Amino acid sequence: MPLREHLLELRKRLFLAACGLVVGAIVGWFLYEPLLEALQAPLLKAAEEQGKVISLNFSGLASALDMKVKVSLFLGVLVTCPWWLYQLWAFITPGLTTREKRYAFAFLGGSVPLFLGGAYLAWWVLPHAVDILAGFVPDGATNLADAQGYLSFVMRLVLAFGLAFVLPVVLVALNAAGLLRASAMAKGWRWAVLVAFVFAAVMTPTPDALTMIFVALPICGLYFAALGISYLHDRRVDKRDAARLAL
């Protein structure tokens, strides 16, 4: 595909993904109150258990409205993940045959639960991170956490974990498209493991190594699962090509 057509395809897919996010954000607008309560729950729990004053602080007059818009967009990203993940797949593989495009269903079937699974893992890590970080607040002091900063922290954590869990499916998709061989993935497995543990160390703001290991191991497992699937696909393609050459 020429560069111009590739850029036009990218613009089209970004526009469609943005339209889906807008629809999801509208849904998130009406679910703002329960989601905000869920976001505040780790802070309130840590404050109760540690006997400290910890709460969200809205520093500006318009910060509450800004918070509602961002929370709505955040929920929109989660709700519409099947839609924008499909747009990602459609952009990566626009030149595939009709038969190969059927892999889109498998891509969505794998990427959506993995994205949500990664988001859930981040949600599991969040209370532990908040509890440990709140422990550094001196006794008698008050911690008024900036609402915008806290929301940004949660959003980065959830989205980063979700996308990290989707990455192995993208590798399989690239392999199915003939753009990435399993042999290349196998050569870089040490780097993949290193990156997984560095990612876990950076994205889990807790000092204990156990949480980091619990986060890094699923990512490593997904990478090796993608490697195994790609290896089987390459072997099947190589046998098919060899049979054609024999004819």
Side-chain angles (χ1 to χ4, degrees), residues 10-48 52-88 91 108 111-134 136-137 142-167 170 199-200 202-206 211 215:
L10 175 61
R11 185 179 67 177
K12 172 186 174 182
R13 297 302 169 185
L14 288 176
F15 175 75
L16 292 175
C19 291
L21 289 177
V22 170
V23 174
I26 294 174
V27 176
W29 181 272
F30 295 100
L31 299 177
Y32 170 71
E33 293 296 337
L35 183 58
L36 182 62
E37 291 179 3
L39 289 172
Q40 292 185 91
L43 288 174
L44 299 179
K45 182 179 179 181
E48 181 181 358
K52 299 175 181 178
V53 179
I54 305 173
S55 63
L56 290 181
N57 178 45
F58 294 89
S59 56
L61 183 62
S63 60
L65 175 61
D66 192 29
M67 179 79 165
K68 187 170 184 177
V69 172
K70 289 184 177 180
V71 169
S72 301
L73 288 172
F74 173 60
L75 187 60
V77 171
L78 298 180
V79 171
T80 62
C81 65
W83 174 249
W84 57 261
L85 284 171
Y86 170 76
Q87 300 305 322
L88 173 63
F91 172 71
L108 288 176
S111 59
V112 171
L114 284 176
F115 177 82
L116 295 177
Y120 177 79
L121 180 60
W123 196 258
W124 173 79
V125 170
L126 178 63
H128 300 279
V130 170
D131 184 63
I132 292 175
L133 294 176
F136 291 97
V137 178
T142 300
N143 186 358
L144 299 178
D146 180 66
Q148 301 289 343
Y150 178 70
L151 176 62
S152 298
F153 166 72
V154 175
M155 289 175 63
R156 286 198 303 267
L157 189 68
V158 172
L159 295 179
F161 273 83
L163 293 175
F165 272 52
V166 171
L167 182 59
V170 176
F199 171 83
V202 172
M203 297 307 299
T204 53
T206 58
T211 301
V215 170

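This structure is a prediction, so every number in the text was calculated from the model and none was measured.
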Which atom of Trp123 lies closest to which atom of Ala38, heavy atoms considered: CZ2-O, 3.7 Å
Minimum side-chain heavy-atom gap Met67-Leu36 below 4.5 Å: yes
Shortest non-hydrogen separation from Val158 to Ala119 and the atoms involved: CG1-CB, 3.6 Å
Shortest non-hydrogen contact between Ala64 and Tyr32, atoms and distance: O-OH, 4.2 Å
Pairwise distance CG(Leu167) to CZ(Phe199) - rounded to 0.5 angstrom: 10.0 Å
Nearest heavy atoms of Leu35 and Phe74, plus distance in Å: CD2-CD2, 4.4 Å
Exam field: side chain Trp84 to backbone Leu21, donor-acceptor pair closer than 3.5 Å: no
Contact summary for Val166 and Ser111, nearest pair of heavy atoms: CG2-O, 3.7 Å
Any side-chain heavy-atom pair of Tyr150 and Gln40 under 4.5 Å: no
Residues which pass side-chain hydrogen bond (donor to acceptor under 3.5 Å, both in side chains) with Asp146, listed by chain and number, not counting sequence neighbours: none
4.5 Å side-chain heavy-atom contact, Val23 and Trp83: no
Side-chain heavy atoms of Leu78 within contact of Phe115, under 4.5 Å: yes
Within 6.0 Å of NZ in Lys45, more than 12 heavy atoms from elsewhere: no
Spatial distance of atom CG (Leu151) from atom CZ (Arg156) [nearest 0.5 Å]: 10.0 Å
Between CG on residue Leu75 and OG1 on residue Thr80, distance to nearest 0.5 Å: 9.0 Å
Trp124 CH2 to Tyr120 OH distance, which is reported to the nearest 0.5 Å: 9.5 Å
Smallest separation among heavy atoms of Pro82 and Val112, with atom names: CA-CG2, 3.7 Å
Trp29 CH2 to Leu73 CG distance, which is reported to the nearest 0.5 Å: 10.0 Å
Step-by-step side chain to side chain contact (heavy atoms under 4.5 Å, CB included) determination, Phe153 to Leu126: CA-CA 10 Å; Phe153 166 72; Leu126 178 63; 3.6 Å; yes
